[in-house]
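Working notes, structure below.
All values reported here derive from a predicted model rather than from experimental measurement. Convention: sequence-line order gives letters A, B, ...; per-chain numbering from 1.
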Amino acid sequence: MNIESSLQQTIGQAFKELFGAELPLQDINLQATRKDFEGSHTFVTFPFAKLSKKNPQETARLIGEYLQQHTQLVSAFNVVQGFLNLTIADSAWLQVFADIVTQADFGFYASNGQKVMVEYSSPNTNKPLHLGHLRNNFLGYSVAEILKANGYDVIKTNLVNDRGIHICKSMLAYQKFGNGETPETSGMKGDHLIGKYYVLFDKAYKQEIDALKAQGMAEEEAKKTAPLMQEAQQMLVKWEEGDKETVELWQRLNTWVYTGFAQTYTRMGVDFDKMYYESNVYLLGKDIVEEGLAKGVFFKKENGSVWIDLSAEGLDEKLVLRADGTSVYITQDLGTADIKYKDFGMEKSIYVVGNEQDYHFNVLFTILKKLGKPYADGLYHLSYGMVDLPTGRMKSREGTVVDADDLMEEMVQTATARSQELGKIEEFSEEGARVLYEMLGIGALKYFLLKVDPKKRMLFNPDEAIELHGHTATFIQYTHARISTILRKADLMDVKREVNIQKLQPAEKDVIALLATFPDRVKEAGRDYAPSVISQYAYDLAKEYNRFFAEVSIFNADTAEETAFRVVLSEQVGKTIRKAMSLLGISVPERM
RNA sequence: GGUUCCGUAGCUCAGCUGGAUAGAGCAACUGCCUUCUAAGCAGUAGGUCUUUGGUUCGAAUCCAAACGGAAUCACCA
């Protein structure tokens, strides 16, 4: 049973019978009643005063009376100005709850037969992952889970940026300064080892630039002519020519990086259905350039370079192929978009990429639309803000980043220390405790990054540990553990899982009302690609449950029926918390 | 300079498809553990929702402008 739609219908009838007016159902909006007033649903009558030809207050009163007479749902109402506050009968709430309990997949939607691709992570193989990547990965994974819950068939992909001048920088520095060092001999994770050489390159390169500038060369000129940069560029040419030695070095170093990434991904709890590598796709897109020229969407300049004029769209002229016939970034993205569609034929494609590339994706999507690609309308750039440090922006080259592995480890350590301090882990095995610390530490980190609107850039202060109290994953996990304890006790006492009561406490009503909104929140999160909708919901639900927990006694209830009901209610909250958190990629413990 | 995004409590953020006295968390202060997990609950205090104008019965929410911050506008990726 759905209280809202049922109320909408009856209100529609009321308009017809009381005022002789037709009111489309979608115009009948119900909102949650403010806490200070009696009731749970509010109907605002101001906009309909003309329709009813009565003042808002009178309109509200008449509709209230009509509802009370014509539906079992409404047990009482009150009118404040043009606000009609409705109190829903306990029997209706119990019916709603009974419906929820019978649905094993409550809140999740059946398959809609549509495919959607979520591309996220997209790391460079010349350095380890950092805090910004964590936001990207958690977002991408969560959005994929949310879309699955909305009935989509989801393909998670990762386009690895494994070639280019930046990779050559690491390779060159390794060749020059590495002395044959390996992850084994250095004891470093492969990605960190390569990242070390990326930073080394930058240091040595800067020294060369400074030296050249000291000789009187201009900065721009120095940057171009510095021997290290020249060498890196030569290396890129050799790589593109397929030079055996260069390709072997590239493969060896990349293998180390992938081994390191695999560990990081595992700990982050993210995965992919399909990997794409730039080394395979960077030559793609030239056929699309031909296609665009043939269709007259692109044009060629005298020097042979190919362009598109997007000034009518408020964008500039944009290069799509260099004069020498080689690709630029967007050429490859055009080709990759095509390949991905050929591989999967998805209706929608979500690119989880930082907002620094807003312009690029605007251009990319506009071009694909102009080319009349069948998939063009389903493209979406999930643009998220950068994570800044108090000192400013993170820069890998300068080593001023919060490393992903370090941060995860630190969070787990914090969770460990906090758990031990609270001394609640006596009954845990060593392995069980380890799993718990991991769950709490990583969970807190994910929640911290996912609870914020993706669009907003966020500040991260490494000196302030991420909280484990208040609006955090820990609080929600704690609530789940609490519920689990209730359920274990209920099993020991052989409490039947049945609902056989007539009256509800206010706290119980509030919990049921919140539970009932879960499917809507899942839909909203899917529509807006917004994990923050789910994180907020999980928090609200946990908060509401804790209020209930403090206000009513479960095992010392007046009657056995009440105890049984409260156990079932607790169980349902526990399940819903678990589901909501799973959409964020966060696990919840049975005890903590 | 053009374009896009952001500006809500001391701090971090919700709310933004227009509705009542703008909500959480942290930090500060006060209560609540001999009964289901106090990683909790209840409460106090903290706001000209950047500013100005407009639309509206009604604006934090929509529109316009200004101010402040960020990103971007490469034959880089």
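Residue Y329(A) places its side chain closer to A77(B) than to any other of G40(B), A77(B), C57(B). Side-chain atoms of N546(A) lie closest to C41(B) of the nucleotides A39(B), C75(B), C41(B). Distance from the side chain of R34(A) is smallest for A20(B) among the nucleotides A20(B), G25(B), A77(B). For R418(A), whose side chain is taken as the heavy atoms from C-beta onward, the closest listed nucleotide among C75(B), A39(B), U37(B) is A39(B). Distances were taken from every side-chain heavy atom of S419(A) (C-beta onward) to each of A39(B), A20(B), C75(B); the shortest belongs to A39(B). Here the nucleotide nearest the side chain of Y478(A), chosen from C41(B), U35(B), U37(B), is U37(B). Of the candidates C13(B), C75(B), C41(B), the closest approach to any side-chain atom of F475(A) belongs to C41(B). Checking C75(B), A71(B), A20(B) against every side-chain atom of N355(A), the shortest atom distance belongs to A71(B). Comparing A20(B), C36(B), A71(B) by their nearest atom to the side chain of E356(A) picks out A71(B).
Taking the P atoms as reference points, C5(B) lies 11 Å from A64(B), given to the whole Å. With P as the reference atom, G43(B) and G25(B) are 10 Å apart, rounded to whole Å. Comparing the same atom, C1', in G69(B) and in C41(B) gives a spacing of 39 Å after rounding to whole Å. Comparing C57(B) with G40(B), their C1' atoms sit 44 Å apart, to the nearest whole Å. For the P atoms, the distance from U12(B) to U17(B) is 25 Å, rounded to whole Å.
Within the 4.0 angstrom heavy-atom criterion, only backbone atoms of the sugar-phosphate kind lie near Y539(A); the bases stay farther away. In this structure, E467(A) reaches the sugar-phosphate backbone alone: every heavy-atom distance under 4.0 Å involves primed, P, OP1 or OP2 atoms, never a base. Using a 4.0 Å heavy-atom criterion, one finds that V552(A) contacts the bases of the nucleic acid, with or without backbone contacts as well. D316(A) comes within 4.0 angstrom of sugar-phosphate atoms only, judged by non-hydrogen atoms across all strands, and of no base. At the heavy-atom level, N85(A) lies under 4.0 Å from base atoms of the strands shown. Contacts of D540(A) with the nucleic acid, taken as non-hydrogen atoms under 4.0 Å apart, are absent. Contacts of E278(A) with the nucleic acid, taken as non-hydrogen atoms under 4.0 Å apart, involve only primed sugar atoms and P, OP1 or OP2. Counting non-hydrogen atoms under 4.0 angstrom, L440(A) reaches a base of the nucleic acid. Base engagement by P47(A) is indicated by at least one non-hydrogen atom pair under 4.0 Å involving a base atom. The residue V44(A) sits close to a base: some heavy atom pair falls under 4.0 Å. At the heavy-atom level, T42(A) lies under 4.0 Å from base atoms of the strands shown.
Considering only side-chain N and O atoms, R488(A) lies nowhere under 4.0 angstrom from the phosphate OP1 or OP2 of C36(B). Contact annotation: K456(A) does not reach the phosphate of A70(B) (side-chain N/O to OP1 or OP2, under 4.0 Å). For R457(A) and A70(B), the shortest distance from a side-chain N or O to OP1 or OP2 is not below 4.0 Å. Contact check, Y359(A) against U72(B): no side-chain N or O comes under 4.0 Å of OP1 or OP2. Checking the phosphate oxygens (OP1, OP2) of C36(B), no side-chain nitrogen or oxygen of R482(A) falls inside 4.0 Å. Put simply, K455(A) has a side-chain N or O that comes within less than 4.0 Å of OP1 or OP2 on C6(B). Considering only side-chain N and O atoms, H471(A) lies nowhere under 4.0 angstrom from the phosphate OP1 or OP2 of C13(B).
Computed from coordinates, the K424(A) NZ to C33(B) C1' distance equals 12 Å when rounded to whole Å. Straight-line distance from the CG atom of N461(A) to the C1' atom of C26(B): 13 Å, rounded to whole Å. To the nearest angstrom, P of C57(B) lies 15 Å from CZ of F48(A). L487(A) places its CG atom 13 Å from the C1' atom of U37(B), with the value rounded to the nearest Å. For the pair Y384(A) OH and C5(B) P, the interatomic distance rounds to 19 Å; values are reported in whole Å. If you take CZ of F549(A) and C1' of C41(B), they are 10 Å apart, rounded to a whole angstrom. When rounded to the nearest whole Å, the span between CZ of R163(A) and P of C76(B) equals 12 Å. Here C36(B) presents its P atom at 19 Å from CD of E508(A), a figure rounded to the nearest Å.
Legend: side chain to side chain donor-acceptor pair (under 3.5 Å) pairs involving residues 439-455 of chain A, not counting sequence neighbours, sorted by first then second residue: Y447(A)-H471(A).
With S383(A) as reference, D358(A) is the one residue of N355(A), N362(A), D358(A) to meet the side chain to side chain donor-acceptor pair (under 3.5 Å) rule.
Proximity of the aromatic rings of Y545(A) and F548(A) is defined here by a centroid distance below 6.0 angstrom, and this criterion is met. Note: F365(A) and Y351(A) meet the aromatic proximity criterion, with ring centroids under 6.0 Å apart. Residues W239(A) and Y282(A) bring their aromatic ring centres within 6.0 Å. Separation of the Y120(A) and Y384(A) ring centroids does not fall under the 6.0 Å cut-off.
Syn is the glycosidic conformation of C33(B), whose angle stays within 90° of 0.
Open room surrounds NZ on K300(A); 12 or fewer heavy atoms of other groups in view lie less than 6.0 Å from it.
Applying the 5.5 angstrom centroid cut-off and the 30 degree plane-angle cut-off, the aromatic ring of F83(A) is stacked upon the base of A20(B).
The shortest distance between side-chain heavy atoms of D510(A) and K35(A) falls below 4.5 Å.
Look at E356(A) and R457(A) and you find no salt bridge, because none of the NZ, NE, NH1 or NH2 atoms lies under 4.0 Å from a carboxylate O. Under the 4.0 Å criterion applied to side-chain N and carboxylate O atoms, K301(A) and E317(A) are assigned as salt-bridge partners. Here R322(A) does not pair with D324(A) in a salt bridge; the nearest charged N to carboxylate O distance is not below 4.0 Å.
Consecutive Watson-Crick or G-U pairs involving RNA chain B, each under 3.5 Å on both distances, make up stems of three or more pairs at B:1-7 with B:67-73, B:10-13 with B:23-26, B:28-32 with B:40-44, B:50-54 with B:62-66.
The residue among D324(A) and T479(A) whose nearest nucleotide of RNA chain B is located toward the 5' end is T479(A).
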